[in-house]
Amino acid sequence: MATVCLNTGSPMPLLGLGTYRLRGPGDVGRVVDAALAAGFRSFDTAAVYRNEAELGRALKELMPKYGLTREDIFITSKLGPKDQGVRALEGALYSLDQLGLDYIDLYLIHWPGTQGLPVGDQRNPGNRAQSWASLEELHALGRLRAIGVSNYTPRHLNQLLQGCKVPPAVLQVEFHPRLGQGELREVCEASGVCFQAYSSLGTGELLNNPLVVQVAQDAGRTPAQVLLRWAAQQGVPVLPKTSHPDRVEENARIFDFQLSHKHMATLSGMDCGHKYCWDPAEVL
């Protein structure tokens, strides 16, 4: 499995399994089994997904089947907005407990805001800073091997970079051909932060886009594969999510082909700043 090197010096797989909306031990177990069989070694969860415990149990039960140990698996989780600020340490420790792990490979602040506060509330920046200090503390203890953020704008990220002791290893945001995130990618590149994509398929909306369908037909691949390959070919890690084991295997097959310069340009040319998911721009 191809990897990227984080600013911690550790490798992170270029392809990971997203687990948003994946619930119940049966579904989690089936999808994780299919993912491990297909070569996935990275798994992305979050406190708000409410499946950390199920993911942890499924991996513990299934790793021996594939001759894998904990060190072979890269696990990401995220601090919920309800724990932003003074409860961040408690929230991170709860994620560790739910996953049944001694350490988490990557732990992110999921959202720049705080649950229960208006987006324009003056307390949001201070809560973010307090959360980051708690993550830095657990990072120093080895409980969080790498720390980062999700859904940050360039403004949020620059604020963090100016005041942190430990720089973020990863920024995870929505990224696909219709949302090129040029400014964010420039900030990440300049500061050594790994830019990671979620919602690479545009919440599924891009699978039927005529340009995407045409590129897929030309390449002899599925629309999902060309959308994932478009990001991966730029060195951007991706986290496709699905509850269907057959699609897990399909999503894994993105490293045995390349998109032409023409096809890459066609997809990149779709950029229009369109967000399919939530917009953090209003969060102070």
Side-chain angles (χ1 to χ4, degrees), residues 4 12-22 42-49 76-81 84 106-113 115 119 124 128 147-160 168-189 191 193-209 211-212 215 223-243 247 251 254 264 266-284:
V4 293
M12 180 177 75
L14 198 56
L15 175 68
L17 180 76
T19 65
Y20 178 52
R21 290 183 176 168
L22 193 61
S42 174
F43 297 84
D44 179 275
T45 183
V48 299
Y49 297 174
T76 300
S77 194
K78 310 178 196 74
L79 181 76
Q84 187 87 284
L106 174 63
Y107 198 73
L108 309 176
I109 295 177
H110 203 158
W111 181 252
Q115 185 172 314
V119 291
N124 281 318
R128 284 197 299 276
I147 53 178
V149 293
S150 182
N151 295 302
Y152 274 36
T153 65
R155 172 174 51 84
H156 299 137
L157 185 56
N158 280 318
Q159 285 175 352
L160 174 59
V170 171
L171 168 67
Q172 186 188 115
V173 293
E174 181 182 353
F175 176 69
H176 45 72
R178 295 194 72 196
L179 185 63
Q181 299 279 26
E183 185 182 359
L184 263 178
R185 292 185 70 188
E186 287 178 5
V187 175
C188 286
E189 185 173 357
S191 54
V193 178
C194 175
F195 179 92
Q196 184 179 41
Y198 73 72
S199 197
S200 296
L201 312 184
T203 65
E205 296 291 328
L206 289 173
L207 296 175
N208 296 313
N209 180 281
L211 287 176
V212 175
V215 170
Q225 287 171 334
V226 299
L227 287 166
L228 294 170
R229 180 66 202 179
W230 172 81
Q233 198 161 308
Q234 299 178 69
V236 176
V238 291
L239 298 164
K241 62 179 179 66
T242 181
S243 58
R247 290 184 188 158
N251 291 340
I254 63 169
M264 289 292 290
T266 295
L267 294 174
S268 296
M270 293 170 58
D271 184 17
C272 59
H274 184 80
K275 291 183 172 69
Y276 292 99
C277 303
W278 34 82
D279 187 352
E282 299 299 318
V283 179
L284 187 64

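Nothing here was measured: the structure is a model prediction, and the numbers come from that model.
No donor-acceptor distance shorter than 3.5 angstrom exists from the side chain of Asn158 to the backbone of Leu160, with no hydrogens or angles considered. Checking side-chain atoms of Arg229 against main-chain N and O of Ile254 turns up a donor-acceptor pair under 3.5 Å. In terms of modelled atom types and a separation under 3.5 Å, the side chain of His156 and the main chain of Val283 share a donor-acceptor contact.
Contact annotation: the side chain of Ile109 never approaches that of Lys78 to less than 4.5 Å [non-hydrogen atoms, C-beta and beyond]. Counting only heavy atoms from C-beta outward, the side chains of Arg128 and Gln159 approach each other to under 4.5 Å. Trp111 places a side-chain heavy atom less than 4.5 Å from the side chain of Pro280. When side chains are defined from C-beta on, Gln196 does not count as touching Val4, because their heavy atoms never get closer than 4.5 Å. Residues Tyr107 and Thr76 are not in side-chain contact: their nearest non-hydrogen atoms beyond the backbone lie 4.5 Å or more apart. Residues Leu106 and Met12 form a side-chain contact, since some pair of their non-hydrogen atoms from C-beta on lies under 4.5 Å apart. No side-chain heavy atom of Leu206 sits less than 4.5 Å from a side-chain heavy atom of Leu201. You'll find the side chain of Ile147 stays beyond 4.5 Å of the side chain of Pro168, heavy atoms only.
Of all non-hydrogen atoms in Ser199 and Glu174, the two that sit nearest each other are CB-CG, 4.0 Å. Across every non-hydrogen atom of Pro237 and Cys194, the tightest pair is CG-SG, 3.8 Å. Closest of all the heavy-atom pairs between Ser150 and Leu108 is CB-CD1, 4.3 Å. Across Lys275 and Trp278, no two heavy atoms sit closer than the pair CD-O, 4.2 Å. Nearest approach of Leu157 to Cys188, heavy atoms of both residues: CD2-SG, 4.0 Å. Across every non-hydrogen atom of Thr242 and Leu22, the tightest pair is O-CD1, 4.4 Å.
Side-chain contact, Ser200 with Trp230: no donor N or O sits under 3.5 Å from an acceptor N or O.
No salt bridge links Lys241 with Asp44; every basic N to acidic carboxylate O contact stays at or beyond 4.0 Å.
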> So Tyr198 and Cys277, side chain to side chain contact (heavy atoms under 4.5 Å, CB included) or not? Walk me through it.
Replying inline: CA-CA 10 Å; Tyr198 73 72; Cys277 303; 3.9 Å; yes

> Could you go step by step and tell me if Val187 and Val193 meet the side chain to side chain contact (heavy atoms under 4.5 Å, CB included) rule?
Replying inline: CA-CA 8 Å; Val187 175; Val193 178; over 6 Å; no

>> If you apply the rule side chain to side chain contact (heavy atoms under 4.5 Å, CB included), what do you find for Leu17 with Leu239, and how did you get there?
In response: CA-CA 5 Å; Leu17 180 76; Leu239 298 164; over 6 Å; no

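For Gln234, the side chain to side chain donor-acceptor pair (under 3.5 Å) partners at least two apart in sequence or on another chain are Arg185. Judged as a side chain to side chain donor-acceptor pair (under 3.5 Å), and not counting sequence neighbours, the contacts of Thr45 are Asn51.
Annotation: Phe195 is in aromatic contact with Phe175 [ring centroid separation under 6.0 Å].
Test Asn251, Asn209, Val212 against Leu227 for side-chain contact (heavy atoms from CB on, under 4.5 Å) and you get one pass: Val212.
With rounding to the nearest 0.5 angstrom, the CD atom of Gln233 is 12.5 Å from the CG atom of Leu228. Note that OH of Tyr20 and OG1 of Thr203 are 10.5 Å apart. Values are rounded to the nearest 0.5 Å.
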